[in-house]
Amino acid sequence: MAPSGAVRHATGPQPGRSGGASRAVTRTLSDDPLGGTVRRTVLPSGLRVLTEAIPAMRSVSFGVWVAVGSRDETGPQGGAAHFLEHLLFKGTHKRTALDISSEIEAVGGETNAFTTKEYTCYYARVLDEDLPLAIDVMCDLVADSLLEPADVETERGVILEEIAMHDDEPGDEVHDLFARAVYGDHPLGRLISGTEDTVTPMTRRQIQGFYRRHYTPPQIVVAAAGNLDHAAVVRLVRQALHGTPLDADPAAPAARRPATPTVRTKPATILVEPKETEQAHVILGCPGIDRTDDRRFALGVLNNVLGGGMSSRLFQEIRERRGLAYSVYSYASQYADSGIFAVYAGCAPGKVDEVLELTRAELRRVAADGLTEAEVARGKGMSKGSFVLGLEDTGSRMSRLAKGELLYGDLMPVDELLARVDAVRVADVNALAAELLARPMSLAVVGPFGEGDFSA
């Protein structure tokens with residue numbers, strides 16, 4: 001929601017591509033007692049800049065977030081968003097790959113990037129006095145990468161090695177297998193990295209087209225948190241983008257990804273990846289709720305109690321009482337129009353049947369009987385504590401700004417979010433549990449098993 005009493009003002013004239021003056025619109029989103037002042041500026045091009053000024057910090061985290069991920073690829077493009085993430089660090093018209101890394105490292109800073117199914121992020125963390133350098137470097141690499149043919153071939157090899165390394169990590173592989181069990185051939189069921197079959201034939205022209213088609217100002221959010229001045233950040237971003245492909249004609253910011261129509265999921269499915277591993281990795285779960293569903297706060301409480309920590313029901317029953325698994329937990333993944341709720345366990349292959357039966361029994365019990373008032377109170381405390389403690393560094397605060405803008409179209413104040421958690425009732429959690437945990441469950445298994453070992 002738009003905050004009451006929002007302050008709007010326009011920046012001074014700035015040169016645009018058309019040569020005329022243009023104006024940016026700024027508003028103050030909040031003065032949070034648990035943080036700093038949050039401001040948002042929309043540039044004429046549609047690019048958004050959000051900052052949180054925290055004077056007590058001596059560092060700043062700065063990120064460029066693009067509203068494109070692996071779900072925006074067609075089948076033959078699988079891995080294009082991730083491939084591009086690698087390539088943007090390989091050089092621009094102003095900097096070589098070595099310049100990009102050495103300029104930030106020379107001031108003790110760090111840079112990195114990651115690709116998800118719905119967005120891509122490039123970020124740097126530096127001392128406050130080095131923020132102008134971080135802005136110039138990160139905006140340069142996102143806006144003006146060369147994508148040299150030789151670099152495409154080099155990074156193709158790197159990515160193929162990354163895919164091979166991922167295949168050697170069954171604890172990671174099982175999550176991708178479960179996504180395929182739930183979503184099938186839908187882009188949410190595909191690997192973010194792509195596969196050897198899609199990455200090997202991908203051409204520079206395809207990647208370049210993906211780059212210029214999706215990396216446009218209306219799709220980009222710049223976020224920064226730490227000891228900073230908002231107006232200075234806006235000015236530096238505009239300077240860094242001036243004359244680049246992101247110095248574009250006026251446009252409105254892109255709307256957030258719609259929540260409808262809801263993604264169609266597959267009927268309950270069993271997928272087994274036979275592998276001679278010392279440990280079996282299993283995920284049992286079902287379709288969940290999307291990230292804007294008002295029940296997400298109740299889901300967070302349910303997840304905490306069921307498998308969200310050492311005091312959770314699954315951890316206590318499977319690990320503490322019976323010693324059947326080292327790692328067991330539940331989790332929820334939420335997207336614009338869909339979601340997953342699942343339980344993961346890693347155990348000896350001979351204990352898989354018992355672990356699965358105990359897990360199913362606990363899910364049935366919670367679906368039928370619900371949680372107690374004491375459990376819900378504990379789950380709410382875990383949700384609030386983890387959220388607030390997660391805001392103790394500038395990187396987390398920067399991410400919160402960008403995700404609020406990109407994923408929700410709004411930045412919920414900390415106090416409001418805590419109040420939403422407090423407002424969760426036992427009846428809310430139990431109603432959600434009765435619906436969610438009674439759904440048919442899909443199963444993904446990686447380990448020394450055959451296709452028919454779980455058919456029953």
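Just so you know, residue 1 is the first one in the sequence shown, and it goes up from there.
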Worked check of side-chain contact (heavy atoms from CB on, under 4.5 Å) between Leu191 and Thr198: CA-CA 11 Å; Leu191 293 172; Thr198 60; over 6 Å; no
Stepwise side-chain contact (heavy atoms from CB on, under 4.5 Å) check, Asp337 with Arg71: CA-CA 12 Å; Asp337 45 10; Arg71 72 171 299 177; 3.0 Å; yes
Under 3.5 Å: donor-acceptor pair, side chain of Asp140, backbone of Val137: no
Parallel, tilted or perpendicular: which one describes the rings of [X] and [Y], with boundaries at 30° and 60°?
X      : Y      : value
Phe449 : Phe454 : perpendicular
His82  : His86  : perpendicular
Tyr331 : Tyr329 : tilted

Would you say [Y] and [X] are linked by a side-chain donor-acceptor pair, where the criterion is simply a distance under 3.5 Å?
X      : Y      : answer
Asn304 : Ser383 : yes
Asp151 : Thr154 : no
Asp197 : Thr195 : no
Glu85  : Thr120 : no

Rounded to the nearest 0.5 Å, what separation is found between the [atom1] atom of [X] and the [atom2] atom of [Y]?
X      : Y      : atom1 : atom2 : answer
Asp128 : Ile54  : CG    : CD1   : 12.0 Å
Glu273 : Arg180 : CD    : CZ    : 7.5 Å
Asp290 : Thr260 : CG    : OG1   : 9.5 Å
Met441 : Cys286 : CE    : SG    : 4.0 Å

Arg213, CZ atom: more than 12 neighbouring heavy atoms under 6.0 Å: yes
Sole residue of Tyr119, Tyr215, Tyr123 in ring-ring contact (aromatic ring centres under 6.0 Å, His included) with Trp65: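 Single ring-ring contact (aromatic ring centres under 6.0 Å, His included) partner of Trp65 among Tyr119, Tyr215, Tyr123: Tyr119.
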Qualifying residue, where the test is side chain to side chain contact (heavy atoms under 4.5 Å, CB included) with Phe62 and the options are Thr111, Val222, Thr51: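 Testing Phe62 for a side chain to side chain contact (heavy atoms under 4.5 Å, CB included) against Thr111, Val222, Thr51 leaves exactly one candidate, Val222.
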Verdict with reasoning, Met398 to Glu52, per side-chain contact (heavy atoms from CB on, under 4.5 Å): CA-CA 8 Å; Met398 180 271 290; Glu52 183 170 12; over 6 Å; no
